[in-house]
Trainee: 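Just passing along the structure, written as structure tokens.
Reckoned from all heavy atoms, side chains included, excluding hydrogens, waters and symmetry mates.
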Amino acid sequence: MTPPPPPAPPEPTAAADPSDPSGQPTSHPLVARARRLADDLLAPSAERVDAEGVPAGHIQEIKRSGLLGVSAPRAYGGAEAPAAVARETAEVLSGACGATWFVQTQHHTPVRMLARSDGPVRERLLGPLSRGELLSGVAYAHLRAHPRTPVRAVRDRGGWRFAGTVPWYTGWGLNDVLLLAGTTDADEALFAFAEARDQPGVRASEPLRLAALGGARTVSLELDGLWLPEEAVVLRTPYDRWAADDRLRTLDTNPAVFGLTRAALTLLDEDTAAAFRARLTRVRAAAYALADTTPGLRAQERLDLRTEAFALLQAATTAAVVAGGGRTMLLTHRAQRLAREALFLLVQGQTRETRAAQLGALRR
């Protein structure tokens, strides 16, 4: 596969990092690039992409923009931007086109995992992923089904053989590589990289028909003895340790919740939007202030803010549907798409803790 031309090198950012109290960058080149991409390409075609799928051209523009390396180490070609910048770019992209945002957001977990690792796979992939030459997908949400083990990883011939079913894999046909997780016989979570293509041991389903983000090219993967060498492994850790870290990460509010809320408010008259906007500013600032502290600190407060942010998202997208009237029942209407994407975010990355908190909030 011939990689696309590398993106422009990250522009100097020393004077562009300050943030206001809400956590929003006052100025940063990558935020400006995200906004241009959103305004010129993503938002105008979002309803078509929702129906027909994310085109390869969108991914090429994302790769060229440098956004895939927003948090990646500068030494490997990334921008190593502050967390506030990564959050703001995520808000911009998710508010413009949920399907495109969801395909590219998968990429950032493999980059972070590689940046914390050592070994040959780091040196082979971290640079190309940080520079946007390659796009990675992820196949690890099934680990949250534990003690069920949808995907097993077994030692074989100096490597690992994977068998089972990945229920959800986003970006098939767009990703270059995938980060695959399985559970070992020693109850470890093992992560390794594979090429994201049809190959012996991997069979992809037809694209799944989804109520929201149907354009993100999501499939299931049947693994029938896929073999990966030891050199492809990026992480091998006791399952309980991985799950504890995963639970801490999911306590914080996904920036896409705020991006989607912002997008819904643009469909309301100013008087109606103003009331929502005041709540958005307060919840967003509090959620991001906690996200910038030690993971897990004030866990219940993080969870409460997360559920409050979702309540605001549901109210804002519902208001956009009401304001649009009967026309919003058309699949081509923006308010209807945003309302469906809001439902998707309710269950994306769900854990037992976040599900219980969400259900508790809905009962009140």
Side-chain angles (χ1 to χ4, degrees), residues 23 68-73 78 80-91 93-94 101-117 126 129 136-146 151 166-170 178-183 188-191 234-260 283-310 313 344-358 361:
L68 294 179
V70 59
S71 301
E80 207 169 324
V85 173
R87 292 191 293 251
E88 179 69 4
T89 58
E91 287 189 29
L93 297 180
S94 60
W101 161 77
F102 194 51
V103 170
Q104 68 81 42
T105 200
Q106 316 291 313
H107 178 90
H108 302 292
T109 295
V111 169
R112 286 192 296 268
M113 192 173 286
L114 282 167
R116 294 192 299 264
S117 72
L126 185 54
L129 293 177
S136 182
V138 296
Y140 71 85
H142 51 272
L143 288 178
R144 298 186 181 117
H146 195 272
V151 176
V166 175
W168 312 97
Y169 180 80
T170 293
L178 67 88
L179 177 64
L180 173 63
T183 307
E188 300 162 311
L190 183 140
F191 292 76
V234 66
L235 177 67
R236 182 181 169 197
T237 188
Y239 175 83
D240 287 346
R241 182 181 300 168
W242 175 84
D245 290 342
D246 182 60
R247 284 193 291 270
L248 292 182
R249 284 192 299 270
T250 55
L251 292 176
D252 288 319
T253 307
N254 186 335
V257 173
F258 299 125
L260 214 59
V283 175
R284 180 177 181 272
Y288 285 169
L290 273 179
D292 286 332
T293 63
T294 303
L297 186 68
R298 294 154 64 186
Q300 187 58 51
E301 188 175 349
R302 292 174 194 255
L303 204 50
D304 291 344
L305 283 166
R306 187 182 188 276
T307 56
E308 187 175 359
F310 273 115
L313 172 61
F344 169 82
L345 289 179
L346 281 171
V347 297
Q348 189 253 334
Q350 189 181 69
T351 64
R352 293 183 183 91
E353 289 87 350
T354 59
R355 182 190 298 113
Q358 203 69 52

Trainee: Quick one: does Ser117's side chain get under 4.5 Å of Leu235's, heavy atoms only?
Mentor: no
Trainee: At their closest point, which heavy atom of Asp292 faces which heavy atom of Ala83, and how far apart are they?
Mentor: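 Looking at all heavy atoms of both residues, the shortest contact is OD1-CB, 4.0 Å.
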Trainee: Test Leu143 against every option in Thr183, Val151, Leu190 by the side-chain contact (heavy atoms from CB on, under 4.5 Å) rule and name the one that passes.
Mentor: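 With Leu143 as partner, Thr183, Val151, Leu190 yield a single side-chain contact (heavy atoms from CB on, under 4.5 Å), made by Thr183.
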Trainee: Check side chain to side chain donor-acceptor pair (under 3.5 Å) between Thr109 and all other residues, then give those that pass, not counting sequence neighbours.
Mentor: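 Arg112.
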Trainee: Return yes if some donor-acceptor pair links the side-chain N/O of His146 with the main-chain N/O of Asp240 below 3.5 Å, else return no.
Mentor: no
Trainee: Do His107 and Val70 have side-chain heavy atoms sitting under 4.5 Å apart?
Mentor: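 When only atoms from C-beta onward are counted, Val70 and His107 do not touch, as no gap falls below 4.5 Å.
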Trainee: If the condition is ring-ring contact (aromatic ring centres under 6.0 Å, His included), which residues does Phe344 pass it with, not counting sequence neighbours?
Mentor: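 Phe344 satisfies ring-ring contact (aromatic ring centres under 6.0 Å, His included) with Phe102 once adjacent residues are dropped.
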Trainee: Taking Thr354 for its side chain and Gln350 for its backbone only, find out whether a donor-acceptor pair lies under 3.5 Å.
Mentor: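 Pair absent, no side-chain N/O of Thr354 close to backbone of Gln350.
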Trainee: To the nearest 0.5 Å, tell me how far Trp101 CH2 sits from Gln106 CD.
Mentor: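 With rounding to 0.5 Å, CH2 (Trp101) is 8.0 Å from CD (Gln106).
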Trainee: Determine whether Arg144 and Thr351 make a side-chain contact, defined as any pair of heavy atoms from C-beta on separated by less than 4.5 Å.
Mentor: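 Answer yes - side chains close enough.
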Trainee: Rounded at 0.5 Å granularity, tell me how far OG1 in Thr253 sits from CG in Asp304.
Mentor: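 With rounding to 0.5 Å, OG1 (Thr253) is 10.5 Å from CG (Asp304).
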Trainee: ring-ring contact (aromatic ring centres under 6.0 Å, His included) with Tyr169: which residues, sequence neighbours excluded?
Mentor: Trp172
Trainee: With rounding to the nearest 0.5 angstrom, report the OG1 to CG distance, Thr170 to Leu178.
Mentor: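 Separation between the atoms: 12.0 Å.
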Trainee: I need the Leu129 CG to Met113 CE distance, nearest 0.5 Å.
Mentor: 12.5 Å
Trainee: Taking C-beta and beyond as the side chain, do Arg298 and Leu305 meet within less than 4.5 Å on heavy atoms?
Mentor: no
Trainee: Do you know which two heavy atoms are closest between Glu91 and Pro255, and how far apart they sit?
Mentor: CG-O, 3.2 Å
Trainee: Relative to each other, are the rings of Tyr288 and Phe258 parallel, tilted or perpendicular (30° and 60° limits)?
Mentor: perpendicular
Trainee: Going through the checks in order, is the side chain to side chain contact (heavy atoms under 4.5 Å, CB included) test met by Arg306 and Leu251?
Mentor: CA-CA 7 Å; Arg306 187 182 188 276; Leu251 292 176; 5.8 Å; no
Trainee: Return yes if a side-chain donor-acceptor contact under 3.5 Å exists between Arg302 and Thr293, otherwise no.
Mentor: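 Their side chains do contain a donor-acceptor pair, which is all the 3.5 Å distance test asks for.
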Trainee: Could you walk me through whether Arg284 and Glu88 satisfy the salt bridge (charged side-chain N to carboxylate O under 4.0 Å, His left out) test, starting with their C-alpha distance in whole Å, then the side-chain angles of each, then the deciding distance to 0.1 Å, before giving a yes or no?
Mentor: CA-CA 11 Å; Arg284 180 177 181 272; Glu88 179 69 4; 3.1 Å; yes
Trainee: Taking all non-hydrogen atoms of both residues, which atom of Leu248 and which atom of Pro295 are closest, and how far apart?
Mentor: CD1-O, 4.2 Å
Trainee: State the CG-CG distance between Leu114 and Leu179, to the nearest 0.5 angstrom.
Mentor: 7.5 Å
Trainee: Taking all heavy atoms of Gly137 and all of Pro110, pick out the closest pair and write down the distance.
Mentor: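 Taking Gly137 first and Pro110 second, the nearest heavy atoms are O-CG, 4.0 Å.
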Trainee: I need the single residue from Gln358, Glu353, Arg352 that forms a side-chain contact (heavy atoms from CB on, under 4.5 Å) with Arg355. Which is it?
Mentor: Arg352
Trainee: Would you say the side chain of Leu313 lies within less than 4.5 Å of the side chain of Phe310, judging by non-hydrogen atoms?
Mentor: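 Yes, close enough: below the 4.5 Å cut-off.
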Trainee: Output all residues satisfying salt bridge (Lys or Arg N to Asp or Glu O under 4.0 Å) with Arg249, sequence neighbours left out; order by chain, then residue number.
Mentor: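 Salt bridge (Lys or Arg N to Asp or Glu O under 4.0 Å) list for Arg249, sorted by chain: Asp246.
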Trainee: For Ala72, which residues count as a side-chain contact (heavy atoms from CB on, under 4.5 Å) partner, sequence neighbours excluded?
Mentor: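 Result, side-chain contact (heavy atoms from CB on, under 4.5 Å) vs Ala72: Val111, Ser130.
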Trainee: Which residues satisfy the side-chain contact (heavy atoms from CB on, under 4.5 Å) test with Ser71, sequence neighbours excluded?
Mentor: Ala86
